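One structure below.
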Amino acid sequence: MTASRDATSTSIEHRAREIGRVLFAKVGGGPKPWERGWWDDRMMNLTLGDPLVKVQLFRFIDAMPVLKTPTAIRRHLVEYLDEAGDRVPWWLRLAVALAPAGTLGERALAGIARFGATHMARRFIAGATPDEALKTVLALRRQRIAFTADLLGEAVISEHEAERYQQTCLDLIRGLARPLGVEPEIPQIDRDHRGSIPRVNLSLKLTSLTARFDALYDHSTLYRVARRLRPILRTARDLGAYVHVDMEQYAHKDLTLAIFKSVLSEPEFRDWPDVGIVIQGYLTETEADLGSLLDWVKQRGTPITVRLVKGAYWDYEVVLARQLGWPIPVYLHKWQTDACYERSARFLMEHHEQLRPALGSHNVRSLALAMAAAETYHVPDDSYEIQMLHGMGEPIQRALVADGKRVRVYTPYGAMLPGMAYLVRRLLENTSNESFLKASFTDHAQVEELLRDPEEVGAMWGRNQPSQRKPGSLTANAAAPVLTPFQNEPPTDFTRPEARAAMSEALRVVRGQFGRVYPLVLNGRAVATGTEFTSTDPSETASVVGRFVQARPEDARQAIAIARERLAAWSATPAADRASVLLKAAALMRAKRSEISAWEVYECGKPWREADGDVAEAIDFCEFYAREMIRLAEGKHRDVPGETNAIERIARGVVAVIPPWNFPLAIPTGMTVAALVAGNTVVLKPSERAPRIALLLGELLREAGLPEGVLTVLPGFGDVGKALVDDPRVALIAFTGSRDVGLEINRKAAEPAHGQNHVKRVIAEMGGKNAIIVDDDSDLDEAVVGVLQSAFGYAGQKCSACSRVIVLDGVYDAFVARLVDAARALPVGPADNPDTAVGPVIDAKARVRVEGYKTIAEGEGDVVLSVDVGPLVARGNYVGPLIVAGVHPDARIAQEEVFGPVLAVLRASDLNDALRIANGTVYALTGGLYSRSPANIDRVKREFRVGNLYVNRPITGALVDRQPFGGFQLSGIGTKAGGTDYLLEFLLTRTITENTMRRGFAPESDGASTAATPTNEAALGV
């Protein structure tokens, strides 16, 4: 059987090359000088030949739709070209130089730029109106080319926009069905081997049918998408149209397939064949997905069409996976993608009766292989079709049409300039070094080279790669293994069903442990204090998470005494051994990740991803500080002849750690393990709202090998924290919480108590009133989503949360309208429900405080959104999101930290005004900017005074080592948690100098030779 298949493969390969040579001969070298495509390609090659210039011009094109004036267009063009320096073509530099600001030349330059972009857009976009789209479709029919219409436009970030997308789909089907229905039949594109096929063909994206498309909440996503998809399918079936589901990012793939299968399995649509879906050849899961589709179609009993493409998001998938530390889902080499595409094409031809092949490619080799496979498996010519992009590969289209093949062109439809993002992707494909069209028509590669089997290309590529030592392996003379470099713990990928199942099971298990009593443990012994307190679920306040024996001030003093007893032995423990405890604790956290996350969901009301991210950050702190301590423990030597000079780090002493509840594992872990790995002993007083998670931390560290008494966890209230702060035996206080408490701790620590022989060190992180500036050239799709995530993630209960958004006048109204629409799509609900976007606040006191600020907001601006939580208010501590616009910079709602889902929107006349407002508070923690102006980005980097500044992304979610976290002014003392300097806060520095010279002689082992150097030879007169 294997031999037979090998023979078939050889036959297909031989025939594919024959078909390819014939096709290339018919293509005849690409567009001709009398065709528009020839001039467009030459101009693109002239302008975009340099990769850096290409990137800068694409960035300019991407921004152009929002640039309203000639001055804005010229300024952005200049800024982008300046970043490319002298690599910009001379003629382009000259064109800019001849158009100084404020002149007719500037207006001319802007007009030419806009005309050029629109001209290129018209090559790739079918039309901006239904009439233009129909004209394009009829022109294609005259060339015996079919079409599929794809809707362009803004990203869908609200349910209103999703409804508009649905309505546009319906309007397009209805608008094209009647005029195309009366057109004369063209058998080549209107019939297949079974009979007539739909003339109206619509491609749509399921992600555009809801504002919240996410596999984490797959059931609710399915409900929302299916509700809007069914009327489109119903209309298409009634009018004899065809509907194709596009595929987008990998994160959406499985859910897209699941929704497609679910809806098309319903009785109303089960027997309807005029539907299809895209499969992307660059994904490593492609062949498995095809097999799954085949099994489903056999069960459904009605065939579907599969559009096989290479894929358009390769760069995005690779970058995202590397950022998050996830497995890369795409093939890393083009030959691998090509090979997968060819195997998949063969599969479709073998099963063409169930999976009707639609081959989406401009690669002659790929198409020739598919056609050869069709001949081998006796697939009728008219039972499959070839699909290409509008405006690309016209010579190949014409050759295939002349050969009798059914060719369908993917025709994007929508406004020209807002569709520019699509244009940029097309330009990237057209100018890519690995683009087949570029290799064929612009670079004039040899035909036989272009027709080579990708597996053969891969074999040659492998032979040409130099042998390399495996990463992380040791050299031959290495004496001992070295820790691998620090890497952030990847977030859990909840698009994977196994991850969702693990979290659901952990929630079930943890709920089964509710109500247990947790003793107070000092030095390994339980202590009875006579008082207990409870921790309740903020989502369901009637649920008691746990009962905790309440520590007293005298217990704090005893814990400090125990810590002092253990200090000498622990600080004398080698740094590598202390670091080993942290590394083992990190491993335990990984093993129990879902369980710990579940405790956070219930005890602190953290939604799934927020809870998971908190555990990941705790793991990062353990891993990072372990490595940093090993580095610091090496010390520093600055020896000279006859003298040694050593710098070493020693522990400060007993450390009191007082963390908040909002990052119930990460912040306590970060402060605690930093102190421990530095050789200090610790007394941890957790927030009374998160005692169970703090006790879990203690359990994990003891299981990892931390000796008894080196860490004591004291669940209790403010009197315990006060006792720790006041005790003269405490050397350092690490606090994260409110500004007032932090300042009081700092004041008390500055006053030495009787008998105190040291100055207490205070590390205080104290909150913020964080702002995001939205420039008038920003991408509102990104800005709205980023602001919402920053403002309402974890119900705004982060010191880094966005509570002010400062919007430049030019986009203020449009931004506010889209922001409010998008915010309405955020479900409020219990944290254990994966569909919840805004969960409860932590307790009743917090709810009352936030409601009070909502009342204040009503008198300080225009309330444009106030979400009523309805019956939820009786179940838990729920507060609906509130957005208030038109707020004055000095208003209380713009100056005071709310710590809840309340967002103030402020209008700025220009960037000067925006920076004045942004810097106009006593805080300086986090800030953000959304802008596409390089000059404005540089300026904001210089002038926006915050500890963490984020550009064109949300302002929450700092990662250890990548974004060390901490602010200044009244946000903190400038320390950066998760940074290379943080451990120094927990260490004292000693310098030890020894004179090793005796009678003019010094040992050679000092690290500095006593042999005369040329310099001292000259000094001696030798």
Side-chain angles (χ1 to χ4, degrees), residues 52 55-67 72 75-77 79-80 82-84 154-157 249 251 313 315-324 418 420-422 424-425 428 770-793 798 800-808 810-812 814-816 818-819 822 903 905-906 908 910-911 914-915 917-919 925-959 962-965:
L52 181 57
V55 168
Q56 295 308 110
L57 287 175
F58 283 160
R59 293 172 68 194
F60 169 67
I61 291 171
D62 181 54
M64 189 179 291
V66 300
L67 305 180
R75 178 171 66 84
H76 281 76
L77 180 60
E79 290 176 15
Y80 287 129
D82 281 349
E83 295 195 345
E154 298 171 320
V156 169
I157 58 176
Q249 293 90 339
Y313 298 88
D315 293 286
Y316 170 87
E317 301 294 3
V318 172
V319 170
L320 183 68
R322 286 176 174 163
Q323 277 186 357
L324 298 177
M420 203 61 72
Y422 174 88
V424 167
R425 285 203 300 273
L428 281 169
N770 312 299
I772 292 176
I773 297 172
V774 179
D775 202 351
D776 57 11
D777 68 347
S778 64
D779 184 330
L780 293 191
D781 293 342
E782 292 183 356
V784 168
V785 172
V787 168
L788 287 179
Q789 182 178 331
S790 302
F792 299 134
K798 301 179 183 180
S800 58
C802 172
S803 58
R804 298 179 296 153
V805 56
I806 303 163
V807 188
L808 267 67
V811 293
Y812 182 88
F815 175 84
V816 171
R818 295 197 74 199
L819 179 75
L903 176 65
V905 186
L906 299 89
D910 54 25
L911 189 60
L915 282 166
I917 296 169
N919 288 323
L925 186 54
T926 66
L929 168 70
Y930 282 89
S931 175
R932 286 186 279 200
S933 164
N936 287 355
I937 290 171
D938 286 344
R939 183 182 174 194
V940 170
K941 286 178 180 178
R942 292 191 307 270
E943 298 182 21
F944 195 172
R945 287 180 53 79
V946 289
N948 286 64
L949 176 65
Y950 301 92
V951 178
N952 291 324
R953 56 147 284 173
I955 67 172
T956 60
L959 294 176
R962 290 194 211 176
Q963 299 116 12
F965 185 78

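Everything quoted here is computed from the prediction, not taken from an experiment.
- At distances below 3.5 Å, not a single donor-acceptor pair connects side-chain atoms of N770 with backbone N or O atoms of G927.
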> After noting the C-alpha distance and the side-chain angles of Y812 and D776, does the key distance pass the side chain to side chain contact (heavy atoms under 4.5 Å, CB included) rule?
Replying inline: CA-CA 8 Å; Y812 182 88; D776 57 11; over 6 Å; no
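- Using modelled atom types, no side-chain atom of Q323 and backbone atom of V319 make a donor-acceptor pair closer than 3.5 Å.
- Interatomic distance, R322 CZ to E317 CD, rounded to the nearest 0.5 Å: 12.5 Å.
- Here E79 contributes atom CD and R59 contributes atom CZ; the two are 9.5 Å apart, rounded to the nearest 0.5 Å.
- Scanning all heavy atoms of the two residues, the minimum distance from A908 to I917 falls at CB-CD1, 4.4 Å.
- Just one of L929, D779, I937 meets the side-chain contact (heavy atoms from CB on, under 4.5 Å) condition when paired with N952; it is I937.
- Rounded to the nearest 0.5 angstrom, L959 CG and L324 CG are separated by 9.0 Å.
- Note that CG of L915 and CD1 of I773 are 4.5 Å apart. Values are rounded to the nearest 0.5 Å.
- When all heavy atoms of R818 and D781 are compared, the pair lying nearest together is NH1-OD1, 2.6 Å.
- Below 30°, between 30° and 60°, or above 60°: for Y80 and H76 the angle between ring planes is between 30° and 60°, a tilted geometry.
- Between N936 and S931, the shortest heavy-atom contact is CB-OG, 3.9 Å.
- Of all the heavy atoms in L67 and A72, the pair that sits closest is CD1-O, 4.0 Å.
- Between the side chain of D910 and the backbone N or O of L808 there is no donor-acceptor pair closer than 3.5 Å.
- Salt-bridge check for R932 with D62: passed, with a basic side-chain N closer than 4.0 Å to an acidic carboxylate O.
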> After noting the C-alpha distance and the side-chain angles of I955 and L949, does the key distance pass the side chain to side chain contact (heavy atoms under 4.5 Å, CB included) rule?
Replying inline: CA-CA 7 Å; I955 67 172; L949 176 65; over 6 Å; no
> When you look at I772 and Y950, which way does the side chain to side chain contact (heavy atoms under 4.5 Å, CB included) test go after all the steps?
Replying inline: CA-CA 9 Å; I772 292 176; Y950 301 92; over 6 Å; no
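- Considering all non-hydrogen atoms of both residues, R804 and A918 come closest at NH2-O, 3.1 Å.
- Between the Y930 side chain and the R953 main chain, a donor and an acceptor come within less than 3.5 Å of each other.
- No donor-acceptor pair closer than 3.5 Å links the side chain of S778 to the backbone N or O of V774.
- A donor and an acceptor atom, one from each side chain of T926 and N948, are nowhere located under 3.5 Å apart.
- V787 places none of its side-chain heavy atoms less than 4.5 Å from the side chain of F792.
- Note that CG of L903 and CG of L819 are 6.0 Å apart. Values are rounded to the nearest 0.5 Å.
- For the pair D82 and P934, the minimum side-chain heavy-atom distance is 4.5 Å or more.
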>> Quick one, V951 with V940, criterion side chain to side chain contact (heavy atoms under 4.5 Å, CB included). Give me CA distance, side-chain angles, the key distance, then yes/no.
In response: CA-CA 9 Å; V951 178; V940 170; 6.0 Å; no
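- Here the shortest heavy-atom pairing between F815 and V807 reads CD2-CG2, 3.6 Å.
- Interatomic distance, OG of S933 versus CG of D775, reported as 6.0 Å (0.5 Å rounding).
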